[in-house]
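Before any comments, here is the structure.
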Number of protein chains: 2
Amino acid sequence: MAAKQKELIVQLLRSSKLSITDTRVKILELFMKSNGALEHADFEKLSGKSFDRVTIYRTLQTFLDKGIVHKIPTTDTSVRYAICKSDCGEHDHHDHHVHFRCEECGSTQCLDETDIPVIQLPKGYAAHNVEVVVSGVCKECK
Amino acid sequence: MAAKQKELIVQLLRSSKLSITDTRVKILELFMKSNGALEHADFEKLSGKSFDRVTIYRTLQTFLDKGIVHKIPTTDTSVRYAICKSDCGEHDHHDHHVHFRCEECGSTQCLDETDIPVIQLPKGYAAHNVEVVVSGVCKECK
DNA sequence: GTGTTTTTTGCATCATTGTTGCATTTTAAT
DNA sequence: ATTAAAATGCAACAATGATGCAAAAAACAC
């Protein structure tokens, strides 16, 4: 089980041409364990303070650069990251799914099955990426 | 012109049961002058440093509480505010339009004419609010 | 208008978040 | 096992935001 997951993580890092380090493996484990988005503070808590703040920042930035994770828009100063399930490459990164923020439990989830609609913009605007964040009550809290 | 705008601002503050102060009037003027979203740092710059940082924070929070402005989601730590054009009340606040973030000039605009689509969520989820942020190139930068 | 009460502001202080430079450690490659 | 490259931890710093409290300004009553 855990060994299998570790193997997956190693593969993922290899295919992104990243060295295998404790921090990276641990952070990816945390991503896979949680079914929602995580923010920086979560990693400090969940990892049991074993990693330096700065290392976590740099690790998340590296994962972003490589398209392993993506950011989710928020209306506050928090920065939330979710792991990319599908076809996010290093250079052409798009999230083709909706993000859901539960007002009860505060969790943020990726609704992978829910496609984002096509938005008809006014003349003169060119769209590269569309982010949809729905807030409400999730199925666990209902 | 300017007198007329001032009058509008006073009316707006009165109808929200807020006292008329220099800071509030100035910040609302800046909102009306700019056709996009503003963040805290903008007010410090645009107002010519004449107001205290804390006062600006508190003023924006007050406007949020009263439904005069709303926040726009971002993927970084910045918090962007836009003035509510339409039917945002104190308790039932919804933005029924799309936000556009230009990758060239960095501005964020409200596309008041562009309605947000209805999102079909998975079973068990209840939606209260939907935020759509499109990024790309705006008509000024094209 | 004047005086009083309430609200707002400015300042000092503190907490949190994120960044950078550099020495040390770890990983990868030979 | 040795060496070169990359990642980490630490110290220091900057930016953002919050809170308590005294001074100033606005609103209200007269």
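Chain identifiers are assigned alphabetically (A, B, ...) following the order of the sequence lines, protein sequences preceding nucleic acid strands; residue numbering begins at 1 within each chain. Worth knowing before you read on, the calculation uses all heavy atoms, side chains too, and leaves out hydrogens, waters and symmetry mates. Note that this is a predicted model, so its numbers are computed, not measured.
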Reference residue B/R80; test side-chain hydrogen bond (donor to acceptor under 3.5 Å, both in side chains); the match among B/H99, B/H40, B/H70, B/E39:
B/E39

Nearest 0.5 Å please: distance from the CZ atom of B/R101 over to the OG1 atom of B/T74.
8.0 Å

Interatomic distance where CZ belongs to B/F51 and C1' belongs to C/dT9 [whole Å]
11 Å

Just call it for A/T62: base, sugar-phosphate, or nothing, with non-hydrogen atoms closer than 4.0 Å on any strand.
nothing

Interatomic distance, B/I27 CD1 vs C/dT8 C1' [rounded to whole Å]:
13 Å

Where the side chain of A/S15 meets the backbone of A/L12, is there a donor-acceptor pair that is under 3.5 Å apart?
yes

Let me know the distance between CG of A/L13 and P of C/dT27, rounded to the nearest Å.
12 Å

Could you check whether A/Y57 and A/F43 have their ring centres less than 6.0 Å apart?
no

Listed pairs, N/O of protein and of nucleotides 17-19 of chain D, under 3.5 Å:
unit_1: D/dG17; atom_1: OP2; unit_2: B/Y57; atom_2: OH; d: 3.1
unit_1: D/dG17; atom_1: N7; unit_2: B/R53; atom_2: NH1; d: 3.2
unit_1: D/dG17; atom_1: N7; unit_2: B/R53; atom_2: NH2; d: 3.1
unit_1: D/dG17; atom_1: O6; unit_2: B/R53; atom_2: NH2; d: 3.2

Work out which heavy atom in B/P122 is nearest to a heavy atom in A/L111; give both atom names and the distance.
CD-CD1, 3.9 Å

Would you say A/Y125 and A/I116 are hydrophobically clustered, going by side-chain heavy atoms of ILVMFWY under 4.5 Å?
yes

Nearest 0.5 Å, please: how far is CD in A/E29 from CD1 in A/I9?
4.5 Å

Polar atom pairs (N or O), protein with nucleotides 28-30 of chain C, under 3.5 Å:
unit_1: C/dA28; atom_1: OP1; unit_2: A/I20; atom_2: N; d: 2.7

Under 4.0 angstrom between A/T59 side-chain N/O and D/dA7 OP1 or OP2
no

In Å, rounded to the nearest 0.5 Å, how long is the span from CD1 of B/I119 to OG1 of A/T114?
8.5 Å

Rounded to the Å, how far apart are A/R24 CZ and D/dG9 P?
12 Å

Taking B/R24 for its side chain and B/T59 for its backbone only, find out whether a donor-acceptor pair lies under 3.5 Å.
no

Whole-Å distance separating the CG atom of B/D52 from the P atom of D/dA22:
17 Å

Expressed as a whole number of angstroms, how long is the span from A/K26:NZ to D/dT8:C1'?
17 Å

Between atom NZ in B/K45 and atom P in D/dA15, what is the gap in whole Å?
11 Å

Please give, in whole Å, the distance from C/dA15 C1' to A/D76 CG?
16 Å

